[in-house]
Structures are given as C-alpha cells and as structure tokens.
Amino acid sequence: MTTSRPGPPPPAAAPTAHTDTATGGGIATGTGIDAAATRPAGTTGPARGGHRLPASGRLTVLGNPGHRRVTLFAAAARAAGLPEPTVLPWIDVLHGTHRLPGGSLVRIESPGEDEAVDALLRGPALGDGYAPTRVEGGAAWYARVTTALRALEQAPGVRLLGDPGEIAVMFDKRRTHALLSAAGVPVPRALGGAAVTGWEDLRERLAVAGLRRVFLKPSHGSSASGVVALEFGPRGQVQATTSVELAGGELHNSLQVRRYRDEPVVAELVDRLAPDGLHVEQWVPKAAQSGRSADLRVVVIAGRATHVVVRTSPQPMTNLHLGGSRGSLALAREAAGPAWPALLETAERAARCFPNSPMVGVDVLPVADWRRALVGEVNAFGDLLPNLTGLPGGPAEGLDTYAAQLAALLLPGPGQDPTHHPGTEQPR
C-alpha cells in the first residue's frame, strides 16, 4: 500500500456554518484530481445523483470541529482546488442552534469521538452514571442522531450528500442484515424473530437454532463497542470474548480483550446489553493471514470498490484499536487468486442496497481459504483510513478515500457512475 500525497499546510480554522461563506476559491491541479478538467467550463459541477456544488464551490461538513475526519476531508478539498469546507458542528445541530444558508450541500460525518456530543446523545438515557466509556445507551444515541438527520434533510434549500434513511438502516445491524439477505447478498446466518430479551432467552433460542458459536453485536453500535464472541463447549461450558469490562454493574469499553467463563457473569453481560437491542449472528471461521484471523474493509465509492484494507488479529475482533493490525493486500490477493474480483463484487453488491449513499465501508469476511466471502456489516462512515490509497489499476489509484469521493462528486453527469466509463474495463 502506498501513502497519499501530502496536502498543503493547514490554513486558519475552517468557517463554521453560522458565518458568511460566500467567498470562492481557485482550481488547483497536480494532486491527482484535475477539478477543472472534470466539469464543464463556467459551472461548479453537478454532483453525483444530480447535486451541484454551491456557487461558491464550498461544501459544508456536518462533523465535530478539529476531528481528523473533518480535517482530512478539508485537506482533500483544498488539494482539489475547492474552498475550505464550512464545518457544521454536530453539537449545534443537536442543540438546534445552527443555521445554514440556502443551497448548502452538506456532507455527513460521524458524530463519534466527541465527549460533549456523546453526552448529549446518550447522557439522558444513562443519567448520573454517564461516562464516555459506557457501552449502554445505544438506542438513545440512535434515536437522537436519526432524528437530527431527518430534520436536517427537511431544512429548506439544504441538500445532503448521503441519505438519512439509509444511514438509519446501516446503524441498525438487524435491519442491515435483513436488507442484505433479502437482496441475495451473502451474510452469516442470524437469529431471527423478536429481539433478544436477555441471557435466558438467548440461550434457549440458540439451543433451538443449533448455534454454538455466535457474535452478539449491539444493534446500534460501532467500533466493536459491546461486541461479544460467544461460544458453548460440548458440556455446556460458556466463554465470552469481548473488550467490555463489567464494573460496578456497568459496562465499559476498554482496549483489553478479555474472556469471561463464569456463566452468571456472562448472563449479567448479556442482560445489560439486551435492552439497547442485539443482533446475533453465526460466528463464521474467517480466512487467515500469517496465522491470524483476517477480514477486509472495502470502501465502495459511486458503486465501485476503490480501497481495501486487510485487518488481521489473534482475537475474534479485528478492529485495529483492539490489537488488530493491517495485513498485506498483496498476500490477500495472492491467496484469493481468481476469486479476488468476486470478493470485491460482494462488497459492491452490498453497496447497491444503499443506492443513495455515495460511499459505504463494507466489512467483508473471507471464508473457505479466501475463495468466497460474506458481508458482516455496512458502515455509513467507513472511510477513515489514513494513508490508504486506491487499489492499483483502479479508478481511485493514488487517491485517498476523501480525494476519491471528491473526484466522484466533481465528475459531470448526474446519475452516471463517475468512476466507471462504459466500454472501459478497470483492472482490480
């Protein structure tokens, strides 16, 4: 994997949404995106799906000021010759104190990793026991985020890069699984029916289904928060592998993966996770790389798989903050051999279930020695992959995930897949 070209030094702080953003900016080249060459002269360019940039060429980013998601996207915009994006703070949207000028085109970023925002989203549900490390409160977080996005969608003259309805599905793992399954996208077997109410309900239903190894995933969680790899031994022994720490009757995220083997402790863990909703799916043995479990995060932009990162770990969860590490893309392609294009196509099929989302991050679970794949999750904000450039020979070669999304946005042709040109085969 090559690194992305460094951008120019960061300018002064980005304007916020309540400031005047009518000034424009010139068009620069030499960064992998020739913005002037990708749109008709004299226009600001139609965005994918019929969107056009505002007259100033300035995008607005709904995000947390100073977060690297916001700053990395801003660097990509500057490199593309666009003005510094306006930042619409999530905290202002949640307080209802924001205002946007008519014609604003808003990119939606994650509200995560900001304690003040998190306290607004989950604090009322957790009360005096609120702490940013708490696992619980996912249902309240989900309700407030989706309500805020729907309200923003209804604001006069505001256009969104992204679809609040599709984001709501992606942040509900049960709904995502059902949507993918109905579309014929391969997914792990899941426990259907009513939501799990607690440990006794879960244990009974798993026995009926004949499932002895499963993942428990909070329906509205992310970054492996609250995820439990649960398995039963031949004599009914139970083991739960998770990064959740039980402390004083509360669940807290930690960076340490631990194993619980005492059934009353496992029961308490499940009972405390269940009220926010649980998605339960079969624990499928994934392919390996260098003796470590491996999966893929595939970024799909404008319908095409553009970026891939291999994640490996000695633990069931491959998240990098839990001890996972980036694996070798070359080794993964070699192991998959002729099946490699099919693995990418699996991610693209999952992305097609979200046609109004210009970008999704698809977690692909390679199985059968890399010969086929299942889709684990689809992530609305799955593009935070610093220093990762596009697949060699692909439509985003040499571009990081943010530059690739801007390139797709600036290409002309509403409704046209801007990374795929009919009659041209793009090597993968």
Side-chain angles (χ1 to χ4, degrees), residues 135 138 172-178 180-181 185-221 224-246 251 256-289 291-296 311-319 322-324 346 363-377:
V135 174
D172 186 325
K173 291 178 173 55
R174 283 167 57 87
R175 291 177 66 190
T176 298
H177 187 279
L180 296 175
S181 181
V185 177
V187 290
R189 180 186 173 195
L191 197 63
V196 169
T197 59
W199 172 248
E200 292 301 329
D201 178 41
L202 174 67
R203 180 153 196 168
E204 179 180 336
R205 289 167 64 180
L206 290 178
V208 171
L211 291 170
R212 304 183 66 86
R213 301 177 83 239
V214 294
F215 273 103
L216 312 180
K217 300 179 178 181
S219 295
H220 312 299
S225 174
V227 171
V228 179
L230 181 68
E231 53 193 323
F232 295 91
R235 295 181 298 278
Q237 316 97 304
V238 64
Q239 176 173 279
T241 303
T242 181
S243 62
V244 175
E245 179 181 3
L246 273 164
L251 307 183
Q256 177 185 344
V257 176
R258 62 199 74 218
R259 290 177 173 82
Y260 297 109
R261 297 184 177 90
D262 185 1
E263 183 169 342
V265 175
V266 175
E268 181 183 0
L269 175 64
V270 174
D271 287 344
R272 293 190 176 278
L273 288 171
D276 279 316
L278 281 173
H279 172 64
V280 183
E281 68 181 28
Q282 185 176 16
W283 178 354
V284 179
K286 291 183 284 192
Q289 185 176 101
R292 295 160 61 97
S293 180
D295 61 20
L296 307 173
R311 305 181 301 185
T312 72
S313 176
Q315 309 290 351
M317 290 78 75
T318 58
N319 301 72
L322 296 180
T346 298
D363 290 345
V364 174
L365 316 178
V367 295
D369 292 328
W370 296 90
R371 293 302 186 263
R372 61 185 184 90
L374 307 174
V375 171
E377 297 183 21

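Just so you know, these numbers use all the heavy atoms, side chains as well, and skip hydrogens, waters and symmetry mates.
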Between [X] (side chain only) and [Y] (backbone N and O only), is there a donor and an acceptor less than 3.5 Å apart?
X: D363; Y: G376; result: no
X: R212; Y: G233; result: yes
X: E204; Y: L202; result: no
X: H279; Y: D172; result: no

In Å, rounded to the nearest 0.5 Å, how long is the span from [atom1] of [X] to [atom2] of [Y]?
X: L374; Y: Q282; atom1: CG; atom2: CD; result: 9.0 Å
X: T241; Y: M317; atom1: OG1; atom2: CE; result: 6.5 Å
X: E263; Y: F232; atom1: CD; atom2: CZ; result: 7.5 Å
X: S219; Y: L278; atom1: OG; atom2: CG; result: 6.0 Å

For [X] versus [Y], what's the shortest heavy-atom pair and its separation?
X: G226; Y: L273; value: O-CD1, 3.6 Å
X: G192; Y: R205; value: O-NH2, 2.7 Å
X: K286; Y: V367; value: CA-CG1, 4.5 Å
X: A373; Y: T346; value: O-CG2, 4.3 Å
X: R213; Y: P285; value: NH1-CG, 4.5 Å
X: W283; Y: L230; value: CE3-O, 3.9 Å

Are [X] and [Y] packed together at the side-chain level, in the sense that at least one heavy-atom pair is separated by less than 4.5 angstrom?
X: L322; Y: Q256; answer: no
X: P366; Y: D295; answer: yes
X: T312; Y: S293; answer: no
X: H177; Y: K173; answer: no

Before you tell me yes or no, could you show the steps for K217 and E281 under salt bridge (Lys or Arg N to Asp or Glu O under 4.0 Å), namely the whole-Å CA-CA distance, both residues' side-chain angles and the distance that decides it to 0.1 Å?
CA-CA 8 Å; K217 300 179 178 181; E281 68 181 28; 3.0 Å; yes
State whether the number of non-hydrogen atoms from other residues, nucleotides or ligands found under 6.0 Å of D369 atom CG is greater than 12.
no
Assess the residue pair R258 and E245 against the criterion (side-chain contact (heavy atoms from CB on, under 4.5 Å)); give the C-alpha distance rounded to whole Å, side-chain angles, the decisive distance to 0.1 Å, and a yes or no.
CA-CA 8 Å; R258 62 199 74 218; E245 179 181 3; 3.8 Å; yes
Run the side-chain contact (heavy atoms from CB on, under 4.5 Å) check on V227 and F215 step by step: do they pass?
CA-CA 7 Å; V227 171; F215 273 103; 3.9 Å; yes
Salt bridge (Lys or Arg N to Asp or Glu O under 4.0 Å) partners for R174, two or more places apart
none
Do L211 and R189 pass the side-chain contact (heavy atoms from CB on, under 4.5 Å) test, and can you show the C-alpha distance, the side-chain angles, and the key distance before you say yes or no?
CA-CA 9 Å; L211 291 170; R189 180 186 173 195; 3.6 Å; yes
